[in-house]
Each structure stands twice: as C-alpha cells, then as structure tokens.
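Take a look at the structure below.
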Amino acid sequence: MSIYDSLNPEQKEAVLHTEGPLLILAGAGSGKTRVLIHRIAWLMEQGISPWNIMAITFTNKAAGEMRQRVNNLVGQGADSVWVATFHSTCVRILRRYIGHLGFDTTFSIYDTDDQKTVMKDVCKRLNIDTKVYKERYLMSVISRAKDELVSPMEMAIAAGTDWQKKLLAEAYKEYQAQLRRNNALDFDDLIVKTVELFQNCPEILEAYQDRFRYMMVDEYQDTNTAQFKLISLLAGKYRNLCVVGDDDQSIYKFRGANIYNILNFEKVFPDARVIKLEQNYRSTRNILNTANEVIRNNCGRKEKRLWTENDEGNPIAFRLLPNAFEEAELIIGDISRHVRDRKADYQDHAILYRTNAQSRLFEEKLILAGIPYKLIGGVNFYARREIKDVLAYLKTIDNGRDEIAVRRVINVPKRGIGATTLNRVGDYAAAYGIGFYDALVRAEEIPNLGRSAGKIRPFTALIETMQDKLGHTPLVELTKELLEETGYIKELEAEGTDESKGRIENIDELISKIAAYEESAEEPTLSGFLEEVALVADIDSLEESSNYVILMTLHSAKGLEFPYIYMAGMEEGVFPSYMSLNGENPEEELEEERRLCYVGITRAKKELMLTAARQRMLRGQTMYNAVSRFIREIPDEYLERGNKTRSRSMEKPSNGAMQDAWIQSKESFRVKPYESQTLTVNKASGLEYAAGDRVRHIKFGDGTVLDITEGKKDYEVKVEFDTAGIKRLFASFAKLKKL
DNA sequence: GGTTGGAAACTTTTT
DNA sequence: GTTTCCAACC
C-alpha cells in the first residue's frame, strides 16, 4: 500500500510521468493540487534532490498551501523544494543579479498607486493631455506590452507613422526611464526583467536551469506570454516541464493571460504528453451538470466533459428578488438558517459576486444579523493611506532613490514644504543629474530655496538617523521610533475621529506584521519586509480555521471550494458585466464571463444558489436588468425556482441573434412583476431573552428589550438601545445576546 | 503654503 | 453613492 494507490489511473499517470513536457488538463475539482503534491513526492522518491524541484503558483496562498501539503506528505527535505509565486521567484532572482541590468539590488517594487504617480509625471513631461489619454489607459497599454514582452523601442517601430501609437510608445519609454531613475520595478517588470536577465546572461540562466530540473506550473491557463517565456527558458535545458491548467477556468485575459499558452502547448512542445483529469471529486452531480451546460456555450475550448460519482444532490436554487436589499436578506437568511439548524458553520458559506461594489449590502446585512464575515478584496490593506505613508518612510530609508516614496512623505506630517520648493529641488536634481533625495540632502546649495532649505533639513536628518540604525536595530523598534519622531501617530490621535482611530489600528497591525516577519524570516531585512509586503494579495490572508462567512469576487474564488455557494447579481449588465457586452470584442469577452460563471458554479460542493434582483442601484442610478443569460443556459431540470413553477412554453433557440430576440420576447411575457420572495426564516423555538431583559447587539451595543411580537416566520423584537435608539429587529437576524 | 468646498469622475476583474 | 481632484480662498 503506497500513497499513490489512492490516485485514479489518470492522476497516477500524471504523477509517474516525470521526464519531458507534460500538459495536465485538469477540470475543476479533479484533484490537480493532489497530483502536483504526489508528483513532488514521487520525484523525491526517485532520488531527485528536492533542491532541483520547483513549483510555481500565482498566489502566495496557493504556494503556502502547496508547501504545507508537501511537508505533510513527504516530511523531510520538503523545505528545499522551491514553491513560490511567479513574482516572488523573479524577485528572488533579481535581488541577486539585477546588477547585470544596471539596477541596484535594493530596487523598489511599485504598486498600482505608485505607477499612477509615475504616469502622471510622465504625462506632464510629455505634455500629454490626461483628459484625452487617461493615466489608467496608458498604464494598461504599457502593461499589455510588457505581458507580450514588447519593449518601448519595438513598440515605437511597430507604430510606424501612426502618431497616436507613437505617442503611446513615447510614454512607455519615458515611463521606463522614470522607473529606472527611481531604481524601481513595477509588477510586470519583475517578469520582464528576469526574462531579460536570462537572455542577456546565459551563464545565469544555465545556473538556474541546472537548479530547476523539474518544473511544475499551477493555474497554467493564467500565464501570459512573458511568464511562458520565463518558464520555457528555465525548462529549456532539461525540458521537464509539467503544466497544470484548465482552459475553461481562464479568467485573466484582461490582465494579459494568453489562453494560447494552453491551447498551443502541444505545438510548442510536440513531444508533450497530454493527460486529462475529468473526474470531479468536489461537487454534486447537479452542480457539475449545471457547470457543464453553461460552459458548453463557449467555442474554442478543449473538449472535455467532467463527470462525478458523487450524489445527485439538491437542485440549483434560483431566486429573483425585487431588489438588491432583499437579495442580500434572502442569502443571509439562508445562511443563518443553516447555522441555526446545525447543518453547517459560517465558514462553509461563500457569497460570490462580480464586482467589489456589490459587497456593501451583504456587509451591512451581515453586521445587522450579527454574523461574522470576512471580506476578501476591495482596498488592499497595504494600499491604505496610512500604511502607504509608513511604508514610504521605510522605503526612503531603504532605497533613497525611490523618488515616489520620498515625495510622498517629505511633507507628511506637514513640514511646510510645498510644491514650489519641491519643483526647485527637482530642477536642481535634474540639472546636476543627481537623485531627488540626494538633492534634498544638499538643500543648502540649491539657489532660491531661501528659508525652505531649513525645513528640509530635519527630514533628511531623520532619514539619516534611521539609516544609521538600520541593521543593528530591530525593524519594529525602528518603525516605532520613526512614528514617534515624525509625530505621525500623535497627529492621528489629535484628530480623534473614528477614521483616525481606524488608521492607528491599521498602523498597529502593520507593526505586528513587521514583528511577525522579523520572527519568521531567517535573515530579516528592511528590503525583505518591503518586498514581502509588495507581493501580497488579499486572498493570501484567508485562513481556513476561522469561522467566517466569506465575501469575495468570483475572480478571487478561483482555486477555492465551499459546501455552500451563493452567486449574487445574476443579471445582464452585472454578470455578464456591462463592460464585456459593450467592449471591443463582445464575443470573446462574453466567453470569459462565461468561464467566470463556470468557475463560480464549480466552487460549490453541496449546494448552489443563484440570485438576481429586478432592480438595483448601480453608480447611483437605479437599473432594471434582465436575468443573466447564464441562468437561461441552465436547463430547467437542474433548476429550482423557489415556490413558483413556471411553464416554459417556448423552446430555446440555439443561434445568437435569435436568442437575443427570444430573450426580449420572453421578458415581455413577464407581464406581472415578480412577487417578493418572502424571507423563509424558520422561527426559533424560543428566545433566551424576554421583555425587560438587557441584551447586546453587535452593531447597536447594549439595550433593553421593550417588546417581543410573535410573527409568522420569526419573532420581532423591539429594543431600546442605550446609544442607537429604538429598533425593531428580527430575532433570527439580530443575534441578540442576553446580558 | 495650507485649507476648504464643490465639482467631476468613476467601478470589472489583480500579482 | 463615493472618492478624488482642483480652484479659490485664507
């Protein structure tokens, strides 16, 4: 009996095929991570040094999980296996060798905010009207170019005489020049520069080729051209490249993912072995069939059909609500019922939606109902103002050449240094060809500065003091001292608002993160911390052990699974999104939306509920959207539409144009508006409190129960809160605690 | 040089 | 509905 006996024949074949290129087409829930882990174990069993094995993922979370599971399976030696994300792999390589490309090894990593700041400056320099060309647009053009490994010069050549394209190429060139001046790389550069390094320095490439003799790439369908180039270079010598992906789950095309990497793998590697994993171990048959029916509507995919031995399970529930409020209430009512009936825990539920903006209503209702939840996505912790401020200080201390960081904090807190002064310093720096920070240090020599020079002094002095301490003072100490010296916390304290309190809490959290880093890292350095921070995604913070309802976008949900999944906002214009329907390439973008829908459906293990709202506020406007076409693509036999059983007199036409007409006519048949779906909350058998008792509510605080009315479905409790006044609450939502 | 108010823009998805 | 930006004031 060996660990490999638990694998099915295809999985086993994938595990045992170690030499040469291998493409594993792994459907949703087909155990691909399991295969990868067993493959690593098998390789080590064959006497291959863990040092020569590499597994690449997209998120830190996936990497961490894989590392954990490899440890559990093989134990000793597993630590030497290189398990990392694309980006952190590249950073580790570049931190050693980027000198060959003329950068300093202390380079900064710019996030989207920083990029925008650079872009603004670029536009100013090139006299680009940002009303005509938005920074965001320019950034996306540049990002796409980098995904495709197109250099500014190549872009300029390709532009020919088209002045618009020439302008874009010009902006790209200037943008890169600015980054270089700041000794900074953006996310895309991490990949691009590593490829460049390998192409320029064959000896470095060969060293890594010898190191990574066995390579595995997870979520291969999301790789872009640059990433593909990177792995092909690395695998170029030994060709032991194993990629695992599912073309049906490719949802990052907008970010440059090249679906042809998977569709054409066999063309690039003609000797590639292709193995399909089609047995699903995750979902019920109903869920899986539904997913299959939806994705079937896409063309241009590798033919496969997932099957399962699991039970049929319950039908997929679809509910159309009058508005988004009731949609949220319905879902949350469903969750609390599950928990109350001890059918499931909070953590077994995830609410998925298309856009982050949709999360708010759910948050509000969850707070009101006293249900613990975790929101994934939205504003990244490290993108918050106060966090960016502190990090900018640390970056300045770490790498004085990072002008964006220096400019960010030079006047935070206020030091009376304004735009005029900064411009003069900037001019001086440009004139003498020195860095911005270096110019600040020489403030006294700059003409026309006058008294302002004296204001700059304390800033540079502070930075210098901190730089001196770097290396022999713990980072936590250094940061605390920095906050003390700058008076940053004091200023927030003085404000005394809820917002400023929140900011202080965030800074405290940052300090604990620094402490955690110092404890866990073998050799903690400031650069190391900043780097780790630059590469975290929100999804990485998801902990399996905590009992929370999870709220996140469909994109974030990829790779995860939950017993109960709710997909909200199943409406035309929301999902599929308005943008995809009106984009340049509606057909193609719609297919990506459909894949996203497929990803969402296949996250569910036991039950899936799809919801839509007749009426919804979008961008401050009330919209009336039709039910999503994805719902219509699900045959009735798998759907359960609540109490209403509606006859379907019309056959669904198959071609596109007809379908639209059919949708419209179908809509027009819906003469009377849908009745509001009543909240099916089962009444609790009894309440632990009665009128006159003191109770506590998670949001409103403490209060006194005035009155309890027994309704048909739930108890309605009237409470006079000490601070929030009198409220009427439903007992099953309010989760009042007797004091 | 800093503060404030009001208008404009914005929301698809993220390492 | 919310955030960001800019111009006019202090």
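Every heavy atom of this structure was used, including side-chain atoms; hydrogens, water molecules and symmetry mates were not. Throughout, a chain's letter reflects where its sequence line sits, starting with A, and its residues are numbered from 1. Remember, it's a predicted structure, so these values are computed and weren't measured experimentally.
A:S580 has no side-chain polar atom (N or O) that falls below the 4.0 Å cut-off from OP1 or OP2 of B:dT12. The side chain of A:N224 places no N or O atom within less than 4.0 Å of a non-bridging phosphate oxygen (OP1 or OP2) of B:dT15. In this structure, A:R360 reaches the C:dT2 phosphate: one of its side-chain N or O atoms is under 4.0 Å from OP1 or OP2. Side-chain N/O atoms of A:N356 include one lying less than 4.0 angstrom from OP1 or OP2 on B:dT13. Taking 4.0 angstrom as the limit, A:T420 places a side-chain polar atom (N or O) nearer than this to OP1 or OP2 of B:dG1. The side chain of A:S556 places no N or O atom within less than 4.0 Å of a non-bridging phosphate oxygen (OP1 or OP2) of B:dT13.
Counting all heavy atoms, side chain and backbone alike, A:A392 lies closest to A:V409 at CB-CG1, 3.6 Å. Residues A:A62 and A:T57 approach most closely at CB-CB, 3.9 Å, considering heavy atoms.
Checking B:dT12, B:dT14, B:dC10 against every side-chain atom of A:E593, the shortest atom distance belongs to B:dT12. Minimum atom distance to the side chain of A:T553 is reached by B:dT14, of the listed B:dC10, B:dT14, B:dT15. Comparing atom distances between the A:N411 side chain and each of B:dT12, B:dG2, B:dT13 picks out B:dG2 as nearest.
A:Y208 contributes atom OH, which lies 14.0 Å from atom CG of A:L233 (distance to the nearest 0.5 angstrom).
With a 6.0 Å radius and a threshold of 12 heavy atoms from other residues, nucleotides or ligands, A:K193 has its NZ atom above the threshold. For A:R457, the CZ atom counts as loosely surrounded, since its 6.0 Å shell holds 12 or fewer non-hydrogen atoms of other residues, nucleotides or ligands. Atom CD of A:E587 has 12 or fewer heavy atoms from other residues, nucleotides or ligands within 6.0 Å.
In terms of modelled atom types and a separation under 3.5 Å, the side chain of A:N261 and the main chain of A:T223 share a donor-acceptor contact.
A straight line from CG of A:N258 to P of B:dT15 spans 20 Å, rounded to a whole angstrom. Regarding A:L554, its CG atom lies at a distance of 15 Å from the P atom of B:dT12, rounded to whole Å. Between the CD atom of A:E532 and the P atom of B:dT15 there is a distance of 15 Å, rounded to whole Å. The nearest whole Å value for the distance from the CD1 atom in A:I376 to the P atom in B:dT15 is 11 Å. The distance between atom OH of A:Y252 and atom C1' of B:dT13, rounded to the nearest whole Å, is 7 Å. Rounded to an integer number of Å, the gap from A:Q221 CD to B:dT14 P is 16 Å. A:I191 places its CD1 atom 13 Å from the C1' atom of B:dT14, with the value rounded to the nearest Å.
In this structure, A:R407 forms a cation-pi arrangement with A:F436, its terminal cationic atom sitting closer than 6.0 Å to the ring centre and no more than 45° off the ring axis. Cation-pi contact between A:R95 and A:F107: present, with separation from the ring centre below 6.0 Å and deviation from the ring axis of at most 45°.
When heavy atoms are screened at a 4.0 angstrom cut-off, A:F254 is found touching base atoms of the nucleic acid. In this structure, A:S88 reaches neither bases nor backbone, as no heavy-atom distance under 4.0 Å exists between it and the strands shown. Counting any heavy atom pair closer than 4.0 Å across all strands shown, A:R385 reaches no nucleic acid atom. Within the nucleic acid shown, A:I417 comes within 4.0 Å of sugar-phosphate atoms alone, with no base atom in reach, counting heavy atoms only. Within 4.0 Å (heavy atoms only), A:D111 reaches no atom of the nucleic acid at all.
Taking for each of A:F86 and A:A357 the nucleotide of DNA chain B with the nearest heavy atom, the 5'-most of the two is the partner of A:A357. Toward the 5′ end of DNA chain B lies the nearest nucleotide of A:K455, the other residue of the pair A:K455 and A:Y578 mapping further downstream.
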Show each protein N/O and nucleotides 3-7 of chain C N/O combination with a separation under 3.5 Å, one pair to a line.
residue: C:dC5; atom: OP1; partner: A:K120; partner atom: NZ; Å: 3.1

Could you pull out the protein-nucleic contacts involving nucleotides 3-9 of chain B (nitrogen or oxygen on both sides, under 3.5 Å)?
none

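Ring geometry, A:Y393 versus A:F459: the interplanar angle falls from 30° to 60°, so the pair is classed tilted.
A salt bridge does not link A:R408 to A:D114: none of the charged nitrogens lies less than 4.0 Å from a carboxylate oxygen.
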